[in-house]
Amino acid sequence: MDYLNQLNESQRNAVVSTEGPVMVIAGAGSGKTRVLTYRIAHLIAKGVDPFSILSLTFTNKAAQEMKERIGKIVGYSDSRNIWMGTFHSVFARILRSEAEKIGYPSNFTIYDTQDAKNLIKTILKEQGLDEKVYKPGLVLNRISTAKNNLISPQAYATNTTIQSEDIQSAKPKLGLVYQIYSDRCFKSGAMDFDDLLYKTNVLLRDFPDVLYKYQHRFKYVLVDEYQDTNFSQYVIVKKLVAVYQNVCVVGDDAQSIYAFRGANIQNILNFEKDYPEVKTFKLEQNYRSTKNIVNAANSIIENNKDQIKKNVYTDNEVGEKIKVYKAATDNEEGKMIANLIYDTQLSKQAKNSHFAILYRTNAQSRAMEESLRRKNIPYKIYGGLSFYQRKEVKDLLSYFRMVINPKDEEALKRIINYPARGIGNTTIDKLTITANNNETDIWNVINNLNKFNTGLNTGAQTKIGEFVAMISSFVTQLKTKNAFDLGNEIAATSGLLKDLYTDRTPEGISRYENIQELLNGLKEFTETENELEEDVTPRGLAEFIQDVALLTNADDEKVEDRDKVTLMTIHSAKGLEFPYVYIVGLEENLFPSQMALSSRVDLEEERRLFYVAITRAEKEVALSFASSRYKWGNLIFCEPSRFIEEINEEHLEMMFSVQSPVLSRQ
DNA sequence: GTATTATCTAAGTCT
DNA sequence: TAGATAATAC
């Protein structure tokens, strides 16, 4: 057990206290991942069955890396059997195997945000509600919040507080929309992201045998980034560990940055109340960053009222001060950062992968991207429009989805007339109305056209018949063909490939290439063996599509991306570290975001976000702001962020001479 | 029913 | 600025 010698005392205590509830409060860079990794390895070394360990991580990539490291210690045959992944992916897997109990097919579709918004738009139209009042994004947020707090549509409609809020905001029909939205998802055999947690709760609540099974299966449960769990996740964990109480949560209240998505810091603050027997360990020594960085970060977080007091310190060298740069415009800022990276690479002999540019919003990436490209510095961008969200990719994926689950209404609507086959909006509207009137799904209607009174002419009926025949033939091939072969077949037979090929504009060519890339991905997927079981059947399309919706920003890294400068939002950077970090766009109304200025709670979350950004750095941090920036095509003027002032000035070095009204106060 | 053009409006963060 | 939707012509 010589791995125990690689830990400091509090880390070691957190690792070897395997029984009963444990909470680890881990400051930034204090070796949290190391503790989790060794704790699991230690459990296995002690003889715990890997199948009885459940470890919930923040990204699937983190899970992958952790498995790898555990494998190195205890062997891969054991490490591969640990249940490990994000809340969403682990419980999606469990839901698939228990789906019939709650009336869902095991091949249910996972709706992404776009699908969900489209469905909401459809419902708003049907109900004659104004999209300008009921903004789809806001409606979805409202539904999401309800689900994350385990409020059913029925409870929503009868809850007086919620009802008066909705009447106050002139949206009294929100409850109805929520109800219809849930029904429609159910009829389509679809769950959205929040459903994966919500339906897990329903399953564990209504089926004691299922609860019993998983309570006894998962004898040891570990939760990373516990400060970012919401109520729905909290209840799942609480139920699962109720029997053995071997629960270990790791987190840092100072790094809680997901309140907007329902995360509740109280989960960490109340842990000691929920589990009176809890053993709490604090990891306060930072191994990642220089003294300047650690102390600067501490001086920021001191401005927050809500926090667990801790003393994060480091024995590392003092290091360089944090440099602050000013640029005239957002584009100038990009150029300046690219130049700084270029110079630092030369002077410090640093690799591209040692650099990260972090920003508050995805829209800021463009100026950075452009200047890096001009200087021939290789970079990779996380987030923004992911590969799988591009129109052409989503179109082909929608074919896949529909072949696996023909009831998937959003997929059907995307592809029934793409490529154009003469089934227009009027026809689709008639089909939707028929489906609604008969309380069924559109697939059932078009698959049994003669049984329903759709009012369609024979021409439209013939075209629909051809579409149904095509999808049905794909469905038949699902059992015999592997993912790659069937994927190719669908791309060709549907006419999608041909449609894209005829478009010879640069955008058209790029769309065609994206489809090729997706098919290549399918090929690779098909050729990779099944990781878990001794299953030797070829991997099919269903398996492929299951994972796609749940890939996080950090998950789809390619091998050729290894040595590149990283561009990402601060949110995505959570849990990562880089020697040189550039935090850009430090301006009022951008960071902190304009929307966070009105309440202390929101502002404190922005501040924690800034804390997270700075603590990503090992050696050097640079901050920058621009005096003007384009927003919606207009030039707006900007003031430096208040966060710059909040850093203790002994850790700062201003790299510009012009007196700015805000900074001169220092 | 389809293709092209004009107009609008949205960029806050993620699963 | 750019993607999404509405309006228009075919």
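In this text the structure is predicted, and so the values were computed from the model without any measurement. Letters A, B, ... mirror the listed sequences (proteins, then strands); counts begin at 1.
Taking a cutoff of 4.0 Å between a charged side-chain nitrogen and a carboxylate oxygen, A/K413 and A/D408 do not qualify as a salt bridge.
Using a 4.5 Å cut-off on side-chain heavy atoms (C-beta onward), A/E131 and A/P136 make contact.
When rounded to the nearest whole Å, the span between CD1 of A/I636 and C1' of C/dT1 equals 14 Å. A/N425 has its CG atom 13 Å from the C1' atom of B/dA3, to the nearest Å. When the P atom of C/dA2 is taken as reference, atom CG of A/N634 falls 14 Å away, rounded to whole Å.
Between the side chains of A/D499 and A/Y418, at least one donor-acceptor pair of N or O atoms lies under 3.5 Å.
Under a cutoff of 6.0 Å and an axis angle of 45°, A/K121 and A/Y134 do not form a cation-pi pair. A/R184 forms no cation-pi arrangement with A/Y181, by the criterion of a distance under 6.0 Å to the ring centre and an angle within 45° of the ring axis. Note that A/R96 lies in the cation-pi zone of A/F108, set by a 6.0 Å cut-off to the ring centre and a 45° limit from the axis.
Remark: A/F260 CZ is packed, more than 12 non-hydrogen atoms of other residues, nucleotides or ligands lying under 6.0 Å away.
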Below 3.5 Å is the cut-off: list the nitrogen or oxygen pairs between protein and nucleotides 4-6 of chain C, distance only.
residue	atom	partner	partner atom	Å
C/dT5	OP1	A/K121	NZ	2.8

Where protein sits on nucleotides 8-15 of chain B, one letter per nucleotide: B base, S sugar-phosphate only, - none, heavy atoms under 4.0 Å: -SBBBBBB

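The residue A/N417 sits close only to the backbone: its heavy atoms come under 4.0 Å of sugar-phosphate atoms, none of a base.
When atom types are taken as modelled, the side chain of A/S256 and the backbone of A/D253 share no donor-acceptor pair closer than 3.5 angstrom.
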